[in-house]
Amino acid sequence: MSETLRPPAGSPRHYAFPDVERHELSNELTLHVASLKRLPAVTALFMVDAGAECDPVPKAGVAALTVEALSEGTRGHDADELASAFERLGGSLETDITWNRAECSTTVLTPRFAEALRLLGEVVTTPVFPAHDVDRLRDERLAELLQQRAEPRGLADDMFALLVHPPSHRYALPEGGDEHTVAPLSAEDVRSHHGLFYTPPCSALIVAGDVKAEEVRALAEDVFGRWRVNGGSAPEIPVCSAEETRGIHLVAKPDAPQSELRIGHLSVPRLHPDFYALIVMNSVLGGLFNSRINLNLREENAFTYGAFSMFDWKRFGSTWSVSTAVESHVTAAAVKEVLVEIDRMRQSRVDPAELSLAVDYLTGVFPIRFETTAAIADAIATREANGLERNYYDTYRERVAAVSADEVLSVAQRHLDPARLQIVAVSDAQAVRGSLEALHLGPVHVRNAAGEPVA
């Protein structure tokens with residue numbers, strides 16, 4: 001039987017990110033409008049530079065609690081009335097927190113847009129933060145943290161962040177804070193955070209959908225123009241590694257049948273000039289299903305159902321890490337193979353087929369990310385919050401396609417450092433400690449679920 005050849009990929013179709021008009025309202029609130037005629041729908045997204053980076057470390061989690069509590073009532077509507085009002089418009093209030101921004105948004109049909117924007121403006125500018133509701137949300141967060149301590153995947157993520165960054169650094173804690181910082185939070189802390197950071201100069205209103213820019217501008221001025229608040233601004237956070245040498249950390253979870261692994265280190269900030277070469281390099285190494293790390297651990301060695309690597313991009317300092325889960329008895333072998341692939345990435349150029357696969361994937365899926373008004377609004381928010389160029393989305397594919405094998409090798413050598421890797425395994429300590437020590441990568445530090453050293 002003759003072999004059936006896979007047809008070659010065609011050239012990617014042209015894609016242009018929607019034009020975005022930028023205006024500044026009389027109170028210094030920035031307005032971005034993307035007019036789209038695809039469907040009679042509109043997304044309004046309010047973004048403020050008040051992400052988790054703004055938290056004082058002793059109050060880590062207050063930014064997340066604040067944005068979540070926005071839906072608990074305003075001067076004009078209590079929580080139930082607010083939810084019902086959005087539902088009558090055919091929408092809902094969505095809130096979210098990232099490291100560099102807090103946002104709330106709604107998507108409605110175009111005829112309902114004016115009413116929805118007025119309601120969104122009310123939520124942002126006149127929240128009341130009832131104490132009993134803030135306490136309930138805080139307690140829900142504490143319950144989530146208890147569950148996370150028992151769940152190996154979330155525990156591994158938290159331990160990796162804690163061990164890569166100094167323990168006093170904001171990035172060492174989850175975006176939503178931990179049990180020590182969340183427990184003391186009160187409605188007064190939430191009100192103080194809102195009053196300090198939710199101000200027009202630190203905010204932006206993003207509208208994407210079937211609207212006319214000049215009409216949106218007039219409506220936004222009417223809704224937000226009288227909102228005039230002075231406050232603070234997001235702090236700059238110096239970033240450094242907790243350790244400059246390799247560390248092996250075993251987080252003890254007795255009787256665990258498998259190990260959650262995280263292997264990585266501190267990396268560059270989001271605006272680093274090597275960004276495009278780094279995302280291509282990571283795609284080859286561990287960012288795709290057919291990447292080297294997954295093919296090694298899953299296909300060749302059958303250690304896992306899946307292994308991948310990623311950059312967790314942040315404004316002041318990102319992390320790069322490999323994540324996988326393997327059976328306990330192959331923990332050390334899996335760590336060894338990951339290190340082999342990192343070394344191989346740093347030693348020789350990727351072959352043309354690997355490079356083509358990574359580039360084709362990154363450029364091919366790119367337009368799919370912007371199929372809805374909500375996705376486009378969020379993309380504009382991402383661009384603005386990270387300080388990216390106005391033409392970032394229009395030039396993304398050509399910049400990715402321009403990355404060469406030499407550049408991939410160069411950034412791997414500069415930004416992957418085996419000597420600084422922090423290796424975290426959440427596992428049964430008695431089952432895996434001996435095999436990890438036999439790798440001779442350094443002493444194995446055993447810790448409990450709180451990250452504290454144990455004998």
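- To the nearest 0.5 Å, atom OG of residue Ser241 and atom CG of residue Leu163 are 12.0 Å apart.
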Give the C-alpha distance, both sets of side-chain angles, the deciding distance and a yes or no for side-chain contact (heavy atoms from CB on, under 4.5 Å) between Tyr276 and Tyr396.
-> CA-CA 8 Å; Tyr276 294 98; Tyr396 175 90; 3.9 Å; yes
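- Of the possible polar contacts, none joining the Arg170 side chain to the Ile237 backbone as a donor-acceptor pair under 3.5 Å is found.
- A donor-acceptor contact closer than 3.5 angstrom links the side chains of Asp189 and Ser186.
- At a threshold of 4.5 Å between non-hydrogen side-chain atoms, the residues Val123 and Phe86 count as touching.
- More than 12 non-hydrogen atoms from other residues, nucleotides or ligands lie less than 6.0 angstrom from CD of Glu175.
- No more than 12 heavy atoms of other residues, nucleotides or ligands lie within 6.0 Å of NZ in Lys59, so this atom counts as exposed by the packing criterion.
- Of all heavy-atom pairs between Ala425 and Thr331, the closest is CB-CG2, 4.5 Å.
- Checking His265 against Asp417 by side-chain atom types alone, no donor-acceptor pair falls below 3.5 Å.
- Arg112 contributes no side-chain N or O that, together with a main-chain N or O of Gly90, makes up a donor-acceptor pair within less than 3.5 Å.
- Using a 4.0 Å cut-off between charged nitrogen and carboxylate oxygen, Arg136 and Glu140 count as a salt-bridge pair.
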Val134/Leu65 under side-chain contact (heavy atoms from CB on, under 4.5 Å): CA gap, chis, key distance, verdict | CA-CA 8 Å; Val134 171; Leu65 188 59; 3.9 Å; yes
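- In this structure, the side chains of Phe308 and Ser323 come closer than 4.5 Å at one or more pairs of heavy atoms.
- Taking a 6.0 Å sphere around CD of Glu244, one finds it holds more than 12 heavy atoms contributed by other residues, nucleotides or ligands.
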Determine, stepwise, if the pair Thr382 / Tyr392 fulfils side-chain contact (heavy atoms from CB on, under 4.5 Å).
-> CA-CA 11 Å; Thr382 298; Tyr392 169 73; over 6 Å; no
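- Here the shortest heavy-atom pairing between Val446 and Ala429 reads CG1-CB, 4.4 Å.
- Side chain of Thr199 to main chain of Leu196: no donor-acceptor pair is present (N/O by atom type, distance under 3.5 Å, no hydrogens or angles).
- Heavy atoms from other residues, nucleotides or ligands lying under 6.0 Å from CZ of Arg153 number 12 at most.
- Within 6.0 Å of OH in Tyr15 there are more than 12 heavy atoms belonging to other residues, nucleotides or ligands.
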Decide side-chain contact (heavy atoms from CB on, under 4.5 Å) for Leu162 and Met159; before the verdict, give the C-alpha distance in whole Å, the side-chain angles of both, and the deciding distance to 0.1 Å.
-> CA-CA 5 Å; Leu162 183 64; Met159 287 299 106; 4.1 Å; yes
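- A 4.5 Å side-chain heavy-atom check between Glu81 and Asp78 finds at least one atom pair inside the cut-off.
- In this structure, the side chains of Ser427 and Leu250 come closer than 4.5 Å at one or more pairs of heavy atoms.
- Judged purely by atom type and a 3.5 angstrom limit, Ser105 has no side-chain atom pairing as donor or acceptor with the backbone of Leu45.
- In this view, Thr304 and Thr324 satisfy the side-chain hydrogen bond (donor to acceptor under 3.5 Å, both in side chains) rule, not counting sequence neighbours.
- We find the CG-CG distance between Leu142 and Asp178 to be 9.5 Å, quoted to the nearest 0.5 Å.
- Formation of a donor-acceptor pair under 3.5 Å by the Gln422 side chain with backbone atoms of Arg420 is found in this model.
- The existence of a salt bridge linking Asp158 and Arg149 is confirmed by a sub-4.0 Å separation between a basic side-chain nitrogen and an acidic carboxylate oxygen.
- The two residues Asp55 and Gly61 have their closest heavy-atom pair at OD2-N, 2.8 Å.
- In this structure the side chain of Arg346 reaches within 4.5 angstrom of the side chain of Pro418, judged on heavy atoms.
- Salt-bridge check for Arg101 with Asp378: passed, with a basic side-chain N closer than 4.0 Å to an acidic carboxylate O.
- Taking SG of Cys54 as the start and CG of Asp49 as the end, the distance is 5.5 Å to the nearest 0.5 Å.
- For Tyr361, the OH atom is loosely surrounded, since the number of other residues' heavy atoms within 6.0 Å does not exceed 12.
- Closest of all the heavy-atom pairs between Thr373 and Gly209 is CG2-CA, 3.9 Å.
- Contact of the Leu119 side chain with the Leu82 side chain is registered, since non-hydrogen atoms from C-beta on lie closer than 4.5 Å.
- Remark: Glu188 engages Arg191 in a salt bridge, criterion side-chain N to carboxylate O under 4.0 Å.
- Minimum interatomic distance between Ala358 and Val280 (heavy atoms only, all atoms of both residues): CB-O, 4.2 Å.
- Within a 6.0 Å radius of CD in Glu236, other residues, nucleotides and ligands contribute 12 heavy atoms or fewer.
- Looking only at distances, no side-chain donor or acceptor of His194 sits under 3.5 Å from a matching main-chain atom of Val67.
- Arg315 places no side-chain N or O within donor-acceptor distance of the main-chain N or O of Glu53, the cut-off being under 3.5 Å.
- The shortest side-chain heavy-atom distance between Thr372 and Thr107 does not fall under the 4.5 Å cut-off.
- Leu285 and Leu416 get closest at one heavy-atom pair: CD2-CD1, 3.8 Å.
- His165 contributes no side-chain N or O that, together with a main-chain N or O of Val239, makes up a donor-acceptor pair within less than 3.5 Å.
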Go through the steps for Trp99 and Tyr171 under the test ring-ring contact (aromatic ring centres under 6.0 Å, His included), then give the verdict.
-> CA-CA 9 Å; Trp99 283 106; Tyr171 286 165; 5.1 Å; yes
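- Leu205 has its side chain within reach of Leu117: a pair of non-hydrogen atoms, C-beta onward, lies under 4.5 Å apart.
- Listed by first and then second residue, the salt bridge (charged side-chain N to carboxylate O under 4.0 Å, His left out) pairs that reach into residues 429-450 are Arg433-Glu437, sequence neighbours excluded.
- Asn301 and Asn296 form a side-chain donor-acceptor contact under 3.5 Å, judged by distance and modelled atom types alone.
- Panel note: side chain Asn100, backbone Gly51; no donor-acceptor pair is recorded below 3.5 Å.
- With values rounded to the nearest 0.5 angstrom, Glu122 atom CD is found 10.0 Å from Leu120 atom CG.
- The structure places CH2 of Trp320 at 7.0 Å from CE of Met281, a figure rounded to the nearest 0.5 Å.
- Although no hydrogens or angles enter the test, the distance criterion places no donor-acceptor pair under 3.5 Å between the side chain of Arg246 and the main chain of Ala419.
- When the ring-ring contact (aromatic ring centres under 6.0 Å, His included) test is applied to Phe17, the partners found at least two apart in sequence or on another chain are Phe370, Tyr393.
- Note that OG1 of Thr125 and CG of Asn27 are 10.5 Å apart. Values are rounded to the nearest 0.5 Å.
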